[in-house]
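Read through the structure below, which is laid out as structure tokens, and then see the notes.
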Amino acid sequence: MKIRTRFAPSPTGLLHIGNARAALFNYLFARHHGGEFVLRIEDTDRERSTQHAVDVIFDGLKWMGLDWDGEPVFQASRQERHAEVVAQLMEKGMAYRCYCTPEELAAMREKARAEKRPPRYDGTWRDRDPSEAPEGVPYAIRLKAPKEGETIIRDHVQGEVRVANAEMDDLILLRSDGTPTYLLAVVVDDHDMGITHVMRGDDHLTNTFRQAMIYRAMGWDLPKFAHLPLIHGPDGAKLSKRHGAQSVVDFREEGILPEALCNYLLRLGWGHGDAEVLDREEQIRLFDMDGIGRSPSRMDYVKLSHLNGIWMRRADDERLTALVMQRLERRDDLDHDETVRARVLALMPGLKERAKTVVELADNAAFAGLRLPLTITPKAEKHLGEEGRKVLAGLEEKLAGLDPFTAEGINSTLRAFAAEHELKLGAVAQPLRAAMTGTTTSPGIDLTLAALGRDEVLARIRSVLSA
């Protein structure tokens with residue numbers, strides 16, 4: 001049997017982090033077993049589905065490196081097939097027309113609540129003679145669900161789960177306007193697409209029991225199910241905006257690298273010994289369902305940030321520079337030309353050692369594109385008093401004559417200047433750092449000056465001295 005998994009999001013909003021983890025798990029499981037991972041857009045809710053949401057799904061999966069096999073399937077394009085299956089169920093006596101009006105269904109629910117019963121459909125049209133059907137009244141088609149016994153799901157994560165069939169009502173297959181319900185469409189599509197394993201959030205477990213009835217009514221084999229515990233906020237409550245980022249777009253905007261997010265999501269509910277930092281190749285090699293835990297996971301944004309810092313230090317400098325420049329280009333107080341890009345690239349080895357997100361990286365690199373005169377922070381201003389200015393004035397001549405203008409040469413010049421004037425190296429570096437960046441932080445001062453270049457260094461020194 002060739003393993004085939006799917007990711008089947010509804011295009012009604014952003015790609016939530018819980019859905020992204022489900023996509024990752026399905027992808028890794030399929031790749032681990034040499035199978036296929038397919039994408040289906042469940043857009044049967046035409047009123048709420050949007051092209052923007054579809055684009056966000058595609059963009060998010062590509063950003064995460066989750067390449068799917070074949071062309072995406074749009075569920076709405078398969079409505080004829082869904083109706084065909086319902087017709088087969090009608091022929092088999094496994095489905096029937098229900099003529100209840102919305103008002104009758106509402107009254108039915110109210111009566112059930114008043115009698116402290118679950119508000120389920122009461123089977124009004126289940127066994128009535130079709131000749132009793134009111135003329136010209138639209139109808140839905142419902143599944144004739146079994147009333148005796150129980151439905152058993154053997155779940156790879158949750159274990160064996162049972163529900164008495166009497167607890168479930170006759171679910172709607174086709175609405176009165178002829179459109180298929182989600183429960184029907186998912187079953188038909190999973191069967192037709194040859195899906196062997198379904199991994200999704202455990203909030204779908206109730207749906208699974210109802211879908212199992214459709215599979216059995218059609219005489220189809222059920223896929224293997226694995227219902228993943230949900231992701232909660234750090235406080236154990238349902239993940240919400242008050243906790244922070246929730247969607248793939250949010251995390252990308254906050255400067256998280258895709259490999260860090262995927263690594264974190266993998267470890268959020270799955271484990272393999274003490275392994276923490278895993279690249280994609282290792283993830284595919286190690287991942288299987290056995291490592292999935294049964295308890296809800298809690299987002300730890302601090303841990304994610306720490307892991308992101310690890311992946312940033314591993315990342316290619318050219319790639320990080322491109323990400324930084326994309327952010328700097330949004331600012332109108334900076335230059336964004338090729339000269340600035342070259343400075344950022346030269347500074348990157350030092351910059352990425354200190355930052356945990358691309359946002360932080362861009363903030364720390366912004367001084368490379370600042371225009372004169374620089375805005376000096378109050379903290380940096382303390383280093384530009386009388387003594388600091390003397391240092392800058394003395395260094396101006398030394399640096400002007402330095403050729404070649406390299407980090408090694410700059411380092412030697414600063415050390416020699418400090419020794420000559422009986423100063424600690426920090427007393428030389430801090431005024432320079434303030435003059436170069438307007439702040440008190442930067443990569444190594446020798447690397448900073450080398451990246452800016454002689455002309456820019458002298459221009460920034462002179463700007464401070466003339467202020």
Side-chain angles (χ1 to χ4, degrees), residues 1-9 15-39 60-70 154-159 194-202 204-205 223-232 239 245 248 251-252 256-316 319 356:
M1 177 184 68
K2 183 165 189 173
I3 283 178
R4 210 159 195 252
T5 67
R6 49 76 162 177
F7 179 52
L15 183 56
H16 189 272
I17 200 66
N19 291 336
R21 185 185 63 171
L24 175 66
F25 281 19
N26 278 284
Y27 170 88
L28 294 176
F29 183 75
R31 296 290 181 258
H32 176 81
H33 290 283
E36 294 181 339
F37 168 69
V38 298
L39 175 62
L61 292 178
K62 289 174 183 176
W63 179 73
M64 292 174 67
L66 305 183
D67 51 306
W68 56 88
D69 296 298
R154 291 176 175 85
D155 191 271
H156 276 264
V157 177
Q158 308 294 333
I195 301 303
T196 61
H197 294 74
V198 173
M199 271 186 280
R200 56 188 179 185
D202 63 12
H204 282 280
L205 189 55
K224 293 180 174 20
F225 290 99
H227 287 89
L228 312 173
L230 300 183
I231 300 173
H232 291 174
L239 193 63
V248 169
F251 285 103
R252 179 169 62 182
I256 301 298
L257 296 178
E259 55 267 47
L261 183 62
C262 288
N263 190 164
Y264 180 74
L265 288 179
L266 174 64
R267 298 292 288 116
L268 198 65
W270 175 89
H272 183 83
D274 296 326
E276 286 289 344
V277 183
L278 299 168
D279 61 23
R280 180 56 51 82
E281 185 177 327
E282 292 170 311
Q283 292 171 15
I284 292 172
R285 180 173 62 84
L286 295 174
F287 184 84
D288 218 336
M289 285 190 193
D290 294 344
I292 301 173
R294 295 180 64 175
S295 301
S297 304
R298 294 192 182 194
M299 278 297 299
D300 185 335
Y301 294 92
V302 174
K303 186 172 183 179
L304 172 59
S305 181
H306 170 74
L307 190 60
N308 197 59
I310 294 173
W311 280 106
M312 288 217 314
R313 290 189 286 279
R314 293 186 177 191
D316 176 72
R319 175 191 169 202
K356 290 185 177 178

Exercise. When you look at R200 and F225, which way does the side-chain contact (heavy atoms from CB on, under 4.5 Å) test go after all the steps?
Worked result: CA-CA 8 Å; R200 56 188 179 185; F225 290 99; 3.8 Å; yes
Exercise. Which heavy-atom pair separates G65 from R280 by the least distance, and what is that distance?
Worked result: O-NH1, 3.0 Å
Exercise. Looking only at side chains, do H156 and D290 share a donor and an acceptor under 3.5 Å apart?
Worked result: no
For this session: Could you tell me whether E259 and R319 make a salt bridge, using a distance below 4.0 angstrom between a side-chain N and a carboxylate O?
Result: yes
For this session: Let me see the working for L268 and R298 under side-chain contact (heavy atoms from CB on, under 4.5 Å), right down to the final yes or no.
Result: CA-CA 8 Å; L268 198 65; R298 294 192 182 194; over 6 Å; no
Problem set entry | Polar side-chain atom of T196 near backbone of R4 as donor-acceptor pair, under 3.5 Å | yes
Exercise. Between M289 and M199, does a side-chain contact (heavy atoms from CB on, under 4.5 Å) hold up when you go through it step by step?
Worked result: CA-CA 9 Å; M289 285 190 193; M199 271 186 280; 4.0 Å; yes
Problem set entry | Least distance between heavy atoms, F29 atom then D288 atom | CE1-OD1, 3.1 Å
For this session: Examine distances only and state if a side-chain atom of H16 and a backbone atom of G18 form a donor-acceptor pair shorter than 3.5 Å.
Result: yes
Exercise. What's the spacing between I256 CD1 and M312 CE if we round to 0.5 Å?
Worked result: 8.5 Å
Exercise. Are side-chain heavy atoms of S297 and R21 found at a separation under 4.5 Å?
Worked result: yes
Problem set entry | Check: L257 and R252 side chains under 4.5 Å, non-hydrogen atoms | no
For this session: Go through H32 and I3 one step at a time and tell me if the side-chain contact (heavy atoms from CB on, under 4.5 Å) criterion holds.
Result: CA-CA 10 Å; H32 176 81; I3 283 178; over 6 Å; no
For this session: Determine, for R31 against D69, whether the closest basic-nitrogen to carboxylate-oxygen distance falls under 4.0 angstrom.
Result: yes
For this session: Measure the shortest side-chain to side-chain distance between I17 and L261 over non-hydrogen atoms and say whether it is less than 4.5 angstrom.
Result: yes
Exercise. Taking all atoms of both residues into account, what is the closest heavy-atom pair of P229 and V157, and its distance?
Worked result: CD-CG1, 4.1 Å
Exercise. Hey, are the side chains of Y264 and Y301 touching, using non-hydrogen atoms and a 4.5 Å cut-off?
Worked result: no
Problem set entry | Distance in Å, S295 OG paired with H232 NE2, rounded so as to fall on 0.5 Å steps | 10.5 Å
Exercise. Is the shortest heavy-atom distance from the side chain of R267 to the side chain of E276 under 4.5 Å?
Worked result: yes
Exercise. Rounded to the nearest 0.5 Å, how far does CG of L266 lie from CD of E282?
Worked result: 10.5 Å
Problem set entry | Closest contact, heavy atoms only, I195 versus P223 | O-CB, 3.5 Å
Problem set entry | Where A260 and L304 come nearest, the two heavy atoms and their spacing | O-CD1, 4.0 Å
Exercise. Taking atom SG of C262 and atom CG of L307, what is their separation to the nearest 0.5 Å?
Worked result: 11.0 Å
Exercise. Do the non-hydrogen side-chain atoms of I231 and P296 ever get within less than 4.5 Å of each other?
Worked result: no
Exercise. Partners of D279 by side chain to side chain donor-acceptor pair (under 3.5 Å), sequence neighbours excluded?
Worked result: none
Problem set entry | Any E36 side-chain heavy atom under 4.5 Å of T5 side chain | no
Exercise. Which distance, rounded to the nearest 0.5 Å, do you find between the CG of L286 and the CD of Q283?
Worked result: 9.0 Å
Exercise. Where do F25 and W270 land on the ring pair (Phe, Tyr, Trp, His ring centres under 6.0 Å) test, with the steps shown first?
Worked result: CA-CA 9 Å; F25 281 19; W270 175 89; 7.6 Å; no
Exercise. Can you tell me if D67 and Y27 form a side-chain donor-acceptor pair at under 3.5 Å?
Worked result: yes
Problem set entry | Residues in side chain to side chain donor-acceptor pair (under 3.5 Å) contact with N26, at least two apart in sequence or another chain | none
Exercise. So do F7 and L39 actually touch side chain to side chain, heavy atoms under 4.5 Å?
Worked result: yes
Exercise. When rounded to the nearest 0.5 angstrom, what is the spacing between CZ in F37 and CG in L61?
Worked result: 6.0 Å
For this session: Verify, without hydrogens or angle tests, whether H227 (side chain) and G201 (backbone) share a donor-acceptor contact under 3.5 angstrom.
Result: no
Exercise. Do you know which two heavy atoms are closest between L265 and A20, and how far apart they sit?
Worked result: CD1-CB, 4.2 Å
